[in-house]
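Below is one structure; the comments refer to it alone.
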Amino acid sequence: MSNIKQAIVDPSQVDSELIKALEQAGIDYVVQDEVAIKKNYRAGKKQLVVVDKKGDALDTCATISDHYICCNVKVLKSISNCPYDCSYCFLQNYLNDGNTKVVGNDTALIEEVKEACFKQPDRIFRIGTWELGDSLALEHETGQAQRLITAFRDIPNAVLELKTKSDSVNPILNCDHQHKTVVSWSLNANTIVETQEHKTARLQERLIALKKVTEAGYLVGLHVDPMIYFEGWEADYESLIRQAIQATRPDQIAWISLGSLRFNPEMKKKIETNFPASTITYTEMIRGNDGKMRYPKPLRMRMYGHVINVLADALGCDDLSPQTGFDKPLFYFCMERWDVWHDLLGASPTSIQDLDYLFAQSLQSRFFPSLPIPNKADYAV
Ligand code: SF4
């Protein structure tokens, strides 16, 4: 359970399914028209605000950049802010309103998803709810993921991604998901979980949850991101990878991503102010093509190279490149350049669209053979 103690509900949402979940979870709520903006992102973490859907909720992941090979995942903005408190969290520098908001009107969210997917029936969409929060951290209070899982089951060309640092999986274990939902974890070396990922589920708790959803037949995803440098990182990341692969089954892993610590330059001061005990800003960083600070390439290459070797060994495959076949989880980097892909995997997708197409090919051939074989032209934009 999260540390949410109370909720404020917009009058338009009093009949929503979400309210039933709140009541079942024993969360007290008041119905209120206006909710004051919370200037501090931490001030809103203990209270839920149930809001109506306003404007478009479906978008492309905000970090997409032509400087990198991005994956072109779509995001459904169903939540904003998060009960957890990671030192590197970009929300501390991003949210104008620190209230933890959740859209009560998930029927409207689903209608928007359906409209977009039905307009391009030959394209496979990957849609995540994690852009401005955690997909499952509030599941006991909101039940939102359960309703989305049921809705995505009936959208032939869309896959839902629920990305989390929680272990809140019990409510979704009995959903009729039909393999249309990928439950994924943001995972890190135990040292980083213990020192930087405050209030999240501990690593062992996440791994137990990963095992549970695997046994419930879900597709899963593993995101080792952001990799953070510290003394002894090699052994800690190796142990993480081996435990994660052991907790699941390679034939149910839809995708695995790697990324390293990165943030806008102005975040450094925020991290140092909000997390005075954290040392993550001490390692040398340089400004990347997108303006974000990241480790210099040689260090990133060393860290990625090590994890790739361990992953290949743990999965029992020689070559992780998505371009050499779809008989393995789709491996990709988050926000890295062509040269990093080339140097570590020997090949690179040619563009963001090309990587999106590789995802579609992998999903269709591994899990959804009844869908039409993807056509590259459908992924041109
Ligand atoms: S789990 Fe994600 S959204 Fe939540 S505090 Fe950590 S980094 Fe931020």
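Both counts, for ligands and for their atoms, begin at 1 and track the order of listing. Not measured: the values here are computed from a predicted model.
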Problem set entry | Neighbouring protein N, O or S atoms of atom 4 (Fe) of ligand 1, below 2.8 Å | 1
Problem set entry | Ionic contact status for D356 with R123, cut-off 4.0 Å | yes
For this session: State plainly whether the residues K297 and D343 are in salt-bridge range, i.e. N to O under 4.0 Å.
Result: yes
Exercise. Between Y332 and W255, does the ring centre distance come in under 6.0 Å?
Worked result: no
Exercise. Would you say the side chain of L363 lies within less than 4.5 Å of the side chain of R126, judging by non-hydrogen atoms?
Worked result: yes
Problem set entry | Between T129 and S135: side-chain donor-acceptor atoms closer than 3.5 Å | yes
Problem set entry | Sidechain N-carboxylate O distance under 4.0 Å for D56, K77 | no
